[in-house]
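Here's the structure, in structure tokens; my notes come after.
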Amino acid sequence: MTGPNAHKPLGLAMTKDGYPPIVILTGAGISKESGLSTFRDADGIWATVRVEDVATPEAFARSPEKVHAFYNARRGKLVSREIKPNVAHQALARLEAEWPGEVLVVTQNIDDLHERAGAKSLIHMHGELLKVRCGACANVVEWRCDLGLDNACPNCGIVGKLRPHVVWFGEMPFEMERIYSRLECCRLFISIGTSGNVYPAASFVQQVRRRSGAHTAELNMEPSEGATLFAEAQYGLATVLVPAYVEKILNGRW
Ligand code: APR
């Protein structure tokens, strides 16, 4: 489907500003076919557990064991052998490697599948499941095993203050200034596998639309909450749509 704001094809052609910069927003849908659950689908994470019980600072203050158990289960799954990047993650890494202009992936996902596929220019705006942060000294360290109240911070030695290095509801996502400055100058914005329910990510498309000449596309299983804001939309599996879209960009057909 192509909307009324459809772009003029730019392809690999150099514009007066150089090669068009690209920003890509990803959500849980891109990792679904790697075996990780989404949040708001019928079989998603929020169908079995309440946000308020496991993903807020208040939940952690009230019941840290429960919050640790929730993230320990997800971390254990992520490090298991069967979870691997899929062809959609790989296609985005290829785009970054082959596109002569800037490509930035901003992911809401806390998994490490983009980097395992080869992404270098990547922002984890909601944090990273394989890192923990100390509430006493603020040090961030890699962490691949279970986390509990008996763990000491490897930096300051204080016990019981480590928390998942993720952004909970009510907290500020990471690196917002850098994200907004890149949205400001991008010429192509692609949103992949996100339902558009969570802000500020859900408002990125509006930010890009303010800039004339920028193209916006949604690649998702179904229309997102903000579907009508995109100039172009394609619906289906990320593993089908994303490699084809990347091919199209690299062949100068967008
Ligand atoms: N390919 C493409 N899209 C898919 C696929 C797939 N294989 N499977 C599911 N989807 C789509 C769904 O249709 C849905 O629109 O991915 C979207 C996933 O939406 P959510 O579950 O809401 O995930 P996301 O948008 O990433 O959530 C944002 O909410 O709770 C938080 O912090 C969590 O980062 C997360 C944020």
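Because the structure is predicted, anything quoted here is derived from the model rather than measured. Order of listing sets the numbers, starting from 1, for every ligand and every atom in it.
Between atom OG of residue S121 and atom CG of residue L92 there is a gap of 11.5 Å, rounded to the nearest 0.5 Å. For the atom pair NE2 of H215 and CZ of R187, the computed distance is 12.0 Å after rounding to the nearest 0.5 Å. Separating the NZ atom in K77 from the CG atom in N72 is a distance of 15.5 Å, to the nearest 0.5 Å.
Residue contact check for ligand 1: V198 places a non-hydrogen atom closer than 4.0 Å to it.
Checking E218 against Y235 by side-chain atom types alone, a donor-acceptor pair falls below 3.5 Å.
Between F39 and V198, every side-chain heavy-atom pair lies at or beyond the 4.5 Å cut-off. For the pair Y245 and I192, the minimum side-chain heavy-atom distance is 4.5 Å or more. Proximity of D41 to E222: side-chain heavy atoms (C-beta onward) are separated by under 4.5 Å at one or more points.
Residue-to-ligand polar distances keep G196 apart from ligand 1: every N/O pair is separated by 3.5 Å or more. Close N/O approach between T194 and ligand 1 is found [any backbone or side-chain N/O within under 3.5 Å]. Residue K32 has no nitrogen or oxygen atom sitting less than 3.5 Å from a nitrogen or oxygen atom of ligand 1, judged on distance alone.
The shortest contact between atom 30 (O) of ligand 1 and any protein heavy atom is with W46 NE1, 2.8 Å. The nearest protein atom to atom 26 (O) of ligand 1, hydrogens excluded, is given as A28 N, 2.8 Å; this is a heavy-atom distance. At the top of the distance list for atom 5 (C) of ligand 1, counting protein heavy atoms only, stands G29 O, 3.6 Å. Protein heavy atom closest to atom 11 (C) of ligand 1, with residue, atom name and distance, is N220 OD1, 3.2 Å. With hydrogens left out, the protein atom closest to atom 35 (C) of ligand 1 is F39 CE1, 3.6 Å, a heavy atom. Protein heavy atom closest to atom 22 (O) of ligand 1, with residue, atom name and distance, is S195 OG, 2.5 Å.
Ring planes of F70 and W46: parallel class, angle under 30° (limits at 30 and 60°). Under the 30°/60° scheme for interplanar angles, the aromatic rings of H165 and F174 are found to lie parallel.
The ligand atoms of ligand 1 that sit less than 4.0 angstrom from a heavy atom of E222 are 13 (O), 15 (O). The F169 neighbourhood of ligand 1 comprises atoms 30 (O), 31 (C), with distances under 4.0 Å to a heavy atom of that residue. For ligand 1 and G27, the ligand atoms under 4.0 Å from any heavy atom of the residue are 26 (O). Which parts of ligand 1 touch G193 is read off a 4.0 Å heavy-atom cut-off, strictly below it: atoms 3 (N), 16 (O), 17 (C), 18 (C). When each atom of ligand 1 is checked for a heavy atom of G236 under 4.0 Å away, the hits are 1 (N), 2 (C). Below 4.0 Å from some heavy atom of L237 lie the following atoms of ligand 1, by number and element: 1 (N), 7 (N). Short contacts between ligand 1 and A238, defined as distances under 4.0 Å to a heavy atom of the residue, involve ligand atoms 1 (N), 2 (C), 6 (C).
For the residues V167, T38, D41, V242, the heavy atom positioned nearest atom 14 (C) of ligand 1 is part of D41. When Q108, H126, R40, E33 are ranked by how near their heavy atoms come to atom 31 (C) of ligand 1, first place goes to R40.
By the criterion of a heavy-atom distance under 4.0 Å, both the backbone and the side chain of M221 are placed next to ligand 1.
At a threshold of 4.0 Å, the pair K131-E115 does not count as salt-bridged, since none of the basic side-chain nitrogens sits closer than that to a carboxylate oxygen. Between E128 and R133 no salt bridge is recorded (no basic side-chain N to carboxylate O distance below 4.0 Å).
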Identify every side-chain donor-acceptor pair in residues 21-36 under 3.5 Å, counting partners at least two apart or on other chains, and give the distances.
unit_1, atom_1, unit_2, atom_2, d
T26, OG1, T107, OG1, 2.7
T26, OG1, H114, NE2, 2.9
S31, OG, H89, NE2, 3.2
S31, OG, D111, OD2, 2.7
K32, NZ, D43, OD1, 3.3
K32, NZ, D43, OD2, 2.8
E33, OE1, T239, OG1, 2.3
E33, OE2, A238, N, 3.3
E33, OE2, T239, N, 3.3
E33, OE2, T239, OG1, 3.4
S34, OG, K84, O, 2.6
S34, OG, N86, N, 3.4
S34, OG, N86, ND2, 3.1

